[in-house]
Amino acid sequence: MAKTTRREFLIHAAGAAAVGAAGFGPMRARAQDSGPIKIGMIIPLTGTTSQYGTTMSIAAKLAVNDINGAGGVGGRQIEVVIEDDRSNPEAAVRAARKLIDIDKVVAIGGSYASAVTSAIAPLCWESRTVLFTASGADSITRTPHQGYIFRTSPTVTLQGTRVGQFAREIGAKSFFFLGPQTPFAQSYIDIISTIFKEGGGTGGGLIYEEKRASYRTEVDQALRAKPDVVILGGYVPDTGVVLKDLFRAGYAGGRIGFSFGVNQVLAQAIPAEVGEGAYSLVPSASEESTAYKTLIAKMNLPSLNTYSCQMYDHVVLAALALANEPSAPINGTTLRDNVRAISQNRSGQQVFDAAAALKLVAAGKAVNYDGPSGPLEFAENGDVEGVYFRYEQMQKGTMALLKVA
Amino acid sequence: MLIAEVAQYMVNGLVLGALVALPALGLTLIFSVQGFVNFSVAAQMTVGAYAAWAAGAALGWPPILIMPVAFVVPGILGIVADRLALAPVRRRPGAHTPLMLAVVSIALNLALENALHFLFGGDLRSFDLAVERDVSVAGIAMGPQQLRNLATALTIAVTLAAFFSLTRWGKAMRAVADNADLARLKGIEPARLAGLATFIGMGLAGIGGALLAIDTSVDPSTGSRLILIIFAASVVGGLTSLTGAVLGALVVGIVGEVALIVMPPVYQSLTAFVVILLVLLIRPNGLFAAVGVRR
């Protein structure tokens, strides 16, 4: 082969760039003209955040059945493409790239861990793909997302505030936060500190390295401050280790965790006496609503965590929003512009059933869909409003409900 | 106050170091005889932990009886994996470099970890043992299980030392580790010892994993999370010195914990790197390598 001169190389490179620009430019706008409408789901099926992964996938698939059973979107079936994020932001980015570039999804739902959501969010808004997320970190909706992000889970600020208030309710004057490096760890420490200081209390925190075999030294440091309550900010594996180390050290104070760390999965993984009495703050699904009751009946379960309910709603919101404007192209922008019209339309008919809502929307009626996860009303920045929490306590190896507020 | 704090952290580090010492011994043993760093010790640690857990859960044996299971299962699996994945690489004249073998062993580690994931799922498995409260001596707290782990690790280290100084096979291995060419001149065939070294090395890793799992719990990544400090312990010890591996593990364990007094815990893995760096800057052969050993 003849040697390529620099001039030839430049000509070829410019040509290739032009072809690329011509080829890729319109492709994005051309998304999904025929065949089923694809919605991506990035769900933790394995790894540290995978405790709800299985029911999350089932709920998303049930939503697809309900929508397709009611005739689909404008006569087209919908399809979810589920990818495992392995509880790992890098794997999640690869999954998001595949969903956006190859499957050409109009929306990505799921997206549970805040680190995962933070990693994939820019890919979504840059490709004009809607991102429905179940993550809590406040920073996610502070990004320049142009309205493409909808959060169905309460923010860290809200959860931290509730945990701080609850810690004071149980009589704690001082707290110590122990949690891994996550996009929300420092926020928790700051928020809870503020709440304690307002009541004349004190507190501090320590951010540890996740997935270690032992946290003895971290626990020793925490206990040196003699806290009335230890706030557990980790996911299940770390929280199990920390609780064991607290027990070994003879700590007798309160322990409060979050739904992603202190839950039934943890209760089964540790000896009952180690977790006995630990509290958990759990964002609650809309447990009194018919939407929730219908979903758990379909899944044949006595109850269901809010995150799986949110997966169901991610799919339903996407389908209803696209059906709401049948003349518009099927893409992420149309979806974004129609979510609030079907989820929080004050003059629309309140509907708890996805299939019924879809039929009304297809008939040109205005609806206000309230799903199993909640009323689904989104603030300007994409955060969900009006969320309830379950306050649970580990008692003899199972999570018992104390109150919903 | 500060002295008590430092003492407590040193004890915590000692316990962690004793656990890491076993896989570090395994890594060092395999490196000494076979001449490459076999990173799959990490997954074999997890294999040992799962073997022990399965024996404990299925057969209801007490921890002391399941240790042989935790030794033999990864030992045999280690030989099988070596034959299947590493031996073909060793047979290729162009590919038989320590770096290439180390890279293949990383791939092997991932394959084993994923196989465990497939077999056991990602959930944490705990031994059905009561968690015991710490005992406090002179203001320093220590768990009974940790004391037992420390004792087990030390017993095994002493047994190994006896094996290497008193038996023919042990002496032969030391000879190969010291100087493979000289050993071959004396009629010792290094290739024959490779299988035994792999068996013992992976078995040691397995016991380390089982002890760790008894104290905490096991999931498919249990061993892989520790690979960095295992490697650090081995390097600090000079990679060919068995005593060095034990002392290296204790140094890395203690430094990692004591450093938390001045350093945020989130950077704890950094200490292992810093220890490697400092030791190699000051003594490129490692702290405990015999003078003249070239590997």
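Just so it is clear: chains get the letters A, B, ... in the order the sequence lines come, proteins before strands, and each one is counted from 1. Computed over heavy atoms, backbone and side chain alike; hydrogens, waters and symmetry mates excluded. Computed from a predicted model, the values in this text were never measured in an experiment.
Contacts of B/Asp219 with chain A are absent, with no heavy-atom separation under 4.5 Å from either backbone or side chain. Proximity to chain B is limited to the side chain of A/Pro271, based on heavy atoms less than 4.5 angstrom apart. Of the atoms belonging to A/Gln221, heavy atoms from both backbone and side chain fall under 4.5 Å from chain B. For chain A, the nearby parts of B/Glu257 are the backbone and the side chain; heavy atoms of each come within less than 4.5 Å. Neither the backbone nor the side chain of B/Leu226 comes within contact range of chain A; no heavy atoms are under 4.5 Å apart. Only the backbone of B/Met142 comes within contact range of chain A, judged by heavy atoms closer than 4.5 Å. B/Gln146 touches chain A through its side chain: at least one heavy atom from C-beta onward sits under 4.5 Å away, while N, CA, C and O do not. Looking at A/Ile207, the atoms closer than 4.5 Å to chain B (heavy atoms on both sides) sit in the backbone and in the side chain alike. Interface remark: B/Leu16 contributes side-chain atoms only to the contact with chain A (heavy atom separation under 4.5 Å). Residue A/Ser50 does not touch chain B at all, counting heavy-atom pairs closer than 4.5 Å.
Figure legend: cation-pi geometry between B/Arg125 and B/Tyr50 absent, as NZ or CZ is not positioned both under 6.0 Å from the six-membered ring centre and within 45° of its axis.
Looking at B/Arg148 and B/Asp215, no side-chain N of the basic residue comes within less than 4.0 Å of a carboxylate O on the acidic one, giving no salt bridge. Classification of B/Glu5 and A/Arg224 as a salt-bridged pair holds, one side-chain N sitting under 4.0 Å from a carboxylate O. Between A/Glu209 and B/Arg225 there is no salt bridge, since no side-chain nitrogen of the basic residue lies less than 4.0 Å from a carboxylate oxygen of the acidic one. A salt bridge does not link A/Asp85 with A/Arg94: every distance from a Lys NZ or Arg NE/NH1/NH2 to an Asp or Glu carboxylate oxygen is 4.0 Å or more. Ionic pairing of A/Glu83 and A/Lys98 is present here: one or more N-O contacts between side-chain nitrogen and carboxylate oxygen are shorter than 4.0 angstrom.
A 4.5 Å side-chain heavy-atom check between A/Thr48 and A/Val236 finds every atom pair outside the cut-off. When side chains are defined from C-beta on, A/Val156 counts as touching A/Ile191, because their heavy atoms get closer than 4.5 Å.
For the set A/Arg216, A/Glu218, A/Gln181, the entry with the most heavy-atom pairs within less than 4.5 Å of chain B is A/Arg216.
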